[in-house]
Amino acid sequence: MSLSDLYMHPVHVPLSYSVCVLWTVWYAWCGWLYETIMISIQQRRFVNRGFLNGPYCPIYGVGAISAIALLDHIRNPFIVFIIAALGACALEYATSWVMEQLFHARWWDYSNFRFNLHGRICLVGAIVFGLFGVLIIFCFQPPIAYITSLIPQQTLAWIAGILTVIITIDVVVTVSAMLDFEQALQKLAQAASFVKQQVSSISDQATSEANERLATWKQTVYSVLSAQQIRLIRAFPKFTSRDHNDIVTMLKAEFHVRTAEIRSSVPHVSACVEKLKCSRIHKKS
């Protein structure tokens with residue numbers, strides 16, 4: 001089949017379970033790649049973007065397969081753009097709300113964007129997702145459907161089964177770690193308050209003792225938080241906690257997450273130690 005035929009007469013592939021899984025994971029990986037590149041550039045380091053551990057962002061996969069199921073028969077790009085933009089915004093808003101109710105935290109925030117709704121969605125995002133919808137329906141999906149049609153059904157079933165098992169395990173591991181996250185933040189908030197009180201009571205000359213207190217705090221952070229929880233803090237610069245956002249901001253500073261919050265007035269444990277060091281140098285001079 002020539003390239004022109006591929007787009008003029010696209011292959012129709014029935015949306016079986018195996019096909020849906022394969023395409024969902026494919027577009028989830030594309031979404032992960034897009035977000036990972038974008039956030040890694042912003043953070044100036046590699047960031048494994050995404051709520052789950054694997055290289056996929058499920059919200060992109062679910063959005064893409066929904067667009068394919070609903071819009072594949074529509075040949076008007078403008079209509080596809082509008083429906084894709086509205087549908088993606090609805091999905092993103094619902095996902096943000098559900099995750100906040102489950103984990104008492106927000107993973108992204110568009111409050112600094114104009115024309116946003118409760119910081120969960122914004123006009124710029126709607127335009128981007130609308131364009132993605134047009135690209136998927138008219139550019140990406142025809143060759144993807146053609147390649148899929150060449151794969152034997154039994155092979156598709158095996159691939160879908162393996163992917164389902166992998167993602168299910170990933171979801172269980174991630175959700176299990178995040179269910180304990182609020183309790184972990186509460187422990188760290190208590191530890192941070194105690195360490196800051198100790199550091200504040202240390203004399204200006206006892207910077208070594210202050211450093212020991214700081215080292216104790218860092219050990220507490222890495223003993224209380226799991227690797228999964230640390231990864232998520234690093235992966236989502238806009239992550240906020242409903243009840244313990246001060247400690248989240250401190251953790252972002254600890255993990256060198258680039259965000260304007262760290263430059264705010266929220267106290268950081270390390271700042272107490274640095275203040276003592278500066279005071280000592282000033283006295284010596």
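At a threshold of 4.5 Å between non-hydrogen side-chain atoms, the residues Leu188 and Leu225 count as touching. Side-chain contact between Asn116 and Ile121 is absent, with no heavy atoms from C-beta onward closer than 4.5 Å. The shortest distance between side-chain heavy atoms of Arg106 and Lys238 does not fall below 4.5 Å. Annotation: side chain of Ile166 is in contact with side chain of Tyr56 (closest heavy-atom distance under 4.5 Å). Side-chain contact between Glu35 and Tyr60 is present, with at least one heavy-atom pair separated by less than 4.5 Å. Annotation: side chain of Leu232 is not in contact with side chain of Phe181 (no heavy-atom distance under 4.5 Å). Using a 4.5 Å heavy-atom cutoff, the side chains of Val11 and Pro142 are not in contact. Residues Leu102 and Leu179 fail the side-chain proximity criterion, which asks for heavy atoms closer than 4.5 Å.
Nearest heavy atom pair, residue Ile136 against residue Ala64, reads CD1-CB, 3.9 Å. Considering all non-hydrogen atoms of both residues, Asn76 and Phe78 come closest at OD1-N, 2.9 Å. Here the closest heavy-atom approach between residue Leu185 and residue Ser241 is recorded as CD1-OG, 3.8 Å. The two residues Arg234 and Arg45 make their nearest non-hydrogen contact at O-NH2, 3.1 Å. Closest approach of Ala157 and Ser18 over heavy atoms only: CA-OG, 3.4 Å.
Listed by first and then second residue, the salt bridge (Lys or Arg N to Asp or Glu O under 4.0 Å) pairs that reach into residues 108-137 are Glu100-Arg120, sequence neighbours excluded.
Expressed to the nearest 0.5 Å, how far CD1 of Ile137 lies from CD1 of Ile74 amounts to 8.5 Å. Rounding to the nearest 0.5 Å gives a distance of 14.0 Å between CG of Leu33 and OH of Tyr27. The structure places OG1 of Thr220 at 11.5 Å from CD of Gln190, a figure rounded to the nearest 0.5 Å. Atom-to-atom distance recorded for Leu156:CG and Leu150:CG is 10.5 Å, nearest 0.5 angstrom. To the nearest 0.5 Å, the span separating CD1 on Ile162 from CD1 on Ile159 amounts to 7.5 Å. Distance check: Thr24 OG1 to Leu163 CG gives 10.0 Å after rounding to the nearest 0.5 Å.
Using a distance-only test at 3.5 Å, with no hydrogens or angles considered, no donor-acceptor pair links the side chain of Lys187 to the main chain of Val224. The main-chain N or O of Ala177 is found under 3.5 Å from a side-chain atom of Gln229 such that the two form a donor-acceptor pair. Side chain of Thr36 to backbone of Asn48: no donor-acceptor contact under 3.5 angstrom is found. Panel note: side chain Thr155, backbone Ile151; no donor-acceptor pair is recorded below 3.5 Å. Arg49 contributes no side-chain N or O that, together with a main-chain N or O of Pro55, makes up a donor-acceptor pair within less than 3.5 Å.
Trp108 has its ring centre no less than 6.0 Å from the ring centre of Phe236. Checked against a 6.0 Å centroid threshold, the rings of Phe132 and Tyr34 count as neighbours. When ring centroids are compared, Phe51 and Phe103 come within the 6.0 Å threshold.
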Side chains of residues 79-89: which donor-acceptor partners sit under 3.5 Å, not counting sequence neighbours?
none

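Looking at residues two or more places apart in sequence or on another chain, you find a side chain to side chain donor-acceptor pair (under 3.5 Å) between Thr164 and Tyr17.
In the hydrophobic cluster analysis, where Ile, Leu, Val, Met, Phe, Trp and Tyr join through side-chain heavy atoms closer than 4.5 angstrom, Ile247 is grouped together with Tyr222. Note on Val128 and Met38: same hydrophobic cluster, where clusters join Ile, Leu, Val, Met, Phe, Trp and Tyr whose side-chain heavy atoms are under 4.5 Å apart, directly or indirectly. Residue Ile147 is not grouped with residue Leu15 when hydrophobic side chains (ILVMFWY) are merged at heavy-atom distances under 4.5 angstrom, including chains of intermediate members. Transitive grouping of hydrophobic side chains (ILVMFWY, heavy atoms separated by less than 4.5 Å) keeps Trp32 and Ile169 in distinct clusters. Taken together through direct or relayed side-chain contacts under 4.5 Å among Ile, Leu, Val, Met, Phe, Trp and Tyr, Tyr146 and Leu135 form part of one hydrophobic cluster.
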- Item | Check against ring-ring contact (aromatic ring centres under 6.0 Å, His included), Trp26 and Trp23 | CA-CA 5 Å; Trp26 165 253; Trp23 289 355; over 10 Å; no
- Does the pair Asn53 and Thr174 meet the rule for a side chain to side chain donor-acceptor pair (under 3.5 Å), with working shown? CA-CA 7 Å; Asn53 292 287; Thr174 303; 3.3 Å; yes
- Query: Stepwise, does the ring-ring contact (aromatic ring centres under 6.0 Å, His included) test hold for Trp107 with Phe239?
  - Reply: CA-CA 4 Å; Trp107 308 89; Phe239 177 88; 4.8 Å; yes
- Message: Please evaluate residues Phe138 and Arg75 with respect to the criterion side-chain contact (heavy atoms from CB on, under 4.5 Å), reporting the C-alpha separation (whole Å), side-chain torsions for both, the decisive distance (0.1 Å), and the verdict.
- Response: CA-CA 8 Å; Phe138 296 103; Arg75 297 292 94 189; 3.9 Å; yes
- Query: Should Ile167 and Val25 be marked as a side-chain contact (heavy atoms from CB on, under 4.5 Å) after you check the CA-CA gap, both sets of side-chain angles, and the distance that decides it?
  - Reply: CA-CA 9 Å; Ile167 294 176; Val25 174; 3.5 Å; yes
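No side-chain donor-acceptor contact under 3.5 Å links Asp72 and Gln141. Side chain to side chain, Tyr110 and Glu92 meet the donor-acceptor criterion of an N or O pair below 3.5 Å.
Around the CD atom of Gln101, the shell of radius 6.0 Å holds more than 12 heavy atoms that belong to other residues, nucleotides or ligands.
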